[in-house]
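Labels below follow one simple rule: chain letters A, B, ... track the order of the sequence lines, proteins then strands, and each chain is numbered from 1.
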Amino acid sequence: VVTGNSMLTGFVYTGHLEEAEEFFRTMPERTAVSYNILFQGYVQFGHVEQARAMFSSMPQPSIVSWTGMILIYSKTGELDRAGELFARMPQHDLYSCTTMIAANALKGHVAESKRLFDGMPQHNLASWTTLIGSYAQNGQLEEARDMFELMPERDNVSWNAMITAHANKGCMDGVRRIYETMPLHNAASFGAMISAYAQNGYLHQAKEMFEKNVEQGTVSWNTLMVSFARNGHASEAIEMFHRMKLDGHQPNQDTFMAVLTAYSHIGDLEKACLELGSMAVDYGLNPV
RNA sequence: AACCGAGCUCAUGG
């Protein structure tokens with residue numbers, strides 16, 4: 001059963017929900033964990049109906065399942081339903097409370113987030129960081145800072161959250177200070193830095209960060225190209241696009257948009273069509 | 001003893 005569950009996890013993890021379902025159906029034996037694995041797949045990919053159906057079909061949803069259900073309502077923005085479930089579930093733990101904190105913050109109810117946080121018997125890195133993120137999202141930089149000071153230990157995720165907290169307030173000194181102080185940088189750190197600079201109009205610095213980032217995912221390329229295009233640097237955007245291809249990166253649908261934006265800025269629609277047409281052919285993308 | 005859940009980053013046609 002355990003190895004079956006691991007395989008099931010594999011299907012879900014790679015996004016093959018159909019296969020997961022099939023596999024699940026044909027499993028000789030299923031445990032509550034098996035249900036949860038498939039269920040989490042629905043949650044993760046936003047299949048609300050299926051998640052709901054599965055949840056109600058569980059005889060005794062575990063705390064994991066309850067939390068999953070809260071998470072999906074948080075994603076769909078149905079905070080009241082999330083809250084209802086949270087109130088109804090038999091127990092709470094770090095995970096469920098943290099999920100609920102985040103759900104409230106997404107809707108701008110930071111005070112409620114804080115109240116939940118204060119009511120928790122214990123905290124860990126995730127719950128602290130969620131609270132910081134809650135303040136950050138809602139523009140409360142001071143509070144985010146205070147919490148960051150108070151938390152007993154910090155990891156990369158919490159440091160990254162602080163980058164964003166400052167960036168959202170346009171506090172670039174803070175952003176730089178955090179970046180320099182933090183012990184290590186990962187892909188998310190660079191992503192945060194790139195968008196921090198880009199959103200505040202520091203295209204040059206954004207690009208510098210981009211160069212420092214070893215794992216330049218397609219998203220980073222797109223982010224930067226869009227920023228260039230929006231700020232009237234169409235040619236730089238287009239140049240990046242070509243470099244991206246040279247470097248062997250896969251353009252995706254969003255790259256389309258970035259390129260289109262760039263060309264529309266210089267009013268060269270013909271070229272845009274040509275470029276998009278060839279992208280469609282080269283990469284099998286649909287310029288919907 | 002072993003399998004599942006929460007927090008940071010990311011683009012999108014305003």
Phosphate OP1/OP2 of [N]: any [X] side-chain N/O under 4.0 Å:
X      : N     : result
A:Q137 : B:G7  : no
A:R230 : B:G13 : yes
A:T9   : B:C4  : no

Quiz item: Side chain of A:N124, base of B:A6: donor and acceptor closer than 3.5 Å?
Solution: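 Checked by distance alone, the answer is yes.
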
What contact category does [X] fall into here, base, sugar-phosphate, or nothing, at under 4.0 angstrom with non-hydrogen atoms?
X      : value
A:A126 : base
A:L8   : nothing
A:T67  : base
A:T130 : sugar-phosphate

Nucleotide nearest [X] (side chain, heavy atoms from C-beta), chosen from [options]:
X      : options           : answer
A:N222 : B:A11, B:C4, B:G7 : B:A11
A:Q199 : B:A2, B:C10, B:C8 : B:C10
A:V64  : B:C3, B:U9, B:G5  : B:G5
A:M257 : B:C8, B:G13, B:C4 : B:G13
A:V226 : B:C3, B:A11, B:A6 : B:A11
A:A188 : B:C3, B:A11, B:C8 : B:C8
A:Y95  : B:A6, B:C3, B:C8  : B:A6
A:V33  : B:U9, B:G13, B:C4 : B:C4
A:V157 : B:C8, B:A11, B:A6 : B:C8
A:Q40  : B:A6, B:C3, B:G5  : B:G5

Quiz item: Would you say the ring centroid of A:Y179 lies under 6.0 angstrom from that of A:W159?
Solution: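 No, too far apart.
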
Quiz item: So, for A:F86 and A:H92, is the gap between ring centers shorter than 6.0 Å?
Solution: yes

Quiz item: Is there a chain of hydrophobic side chains (I, L, V, M, F, W, Y, each step under 4.5 Å between heavy atoms) that links A:V64 to A:L8?
Solution: yes

Quiz item: Where do A:I72 and A:F55 land on the side chain to side chain contact (heavy atoms under 4.5 Å, CB included) test, with the steps shown first?
Solution: CA-CA 11 Å; A:I72 203 168; A:F55 183 75; over 6 Å; no

[X] [atom1] - [N] [atom2] separation (whole Å):
X      : N     : atom1 : atom2 : value
A:L184 : B:U9  : CG    : P     : 17 Å
A:D93  : B:C4  : CG    : P     : 15 Å
A:M100 : B:G5  : CE    : P     : 21 Å
A:L224 : B:C10 : CG    : P     : 14 Å
A:F210 : B:C10 : CZ    : C1'   : 13 Å
A:I101 : B:C8  : CD1   : P     : 12 Å
A:M151 : B:C8  : CE    : P     : 13 Å
A:W128 : B:A6  : CH2   : C1'   : 17 Å

Self-check item: Reference residue A:Y42; test side-chain hydrogen bond (donor to acceptor under 3.5 Å, both in side chains); the match among A:E21, A:R52, A:H47
Solution: A:E21

Exercise. Please determine, by modelled atom types, if A:N104 and A:S113 share a side-chain donor-acceptor pair under 3.5 angstrom.
Key: no

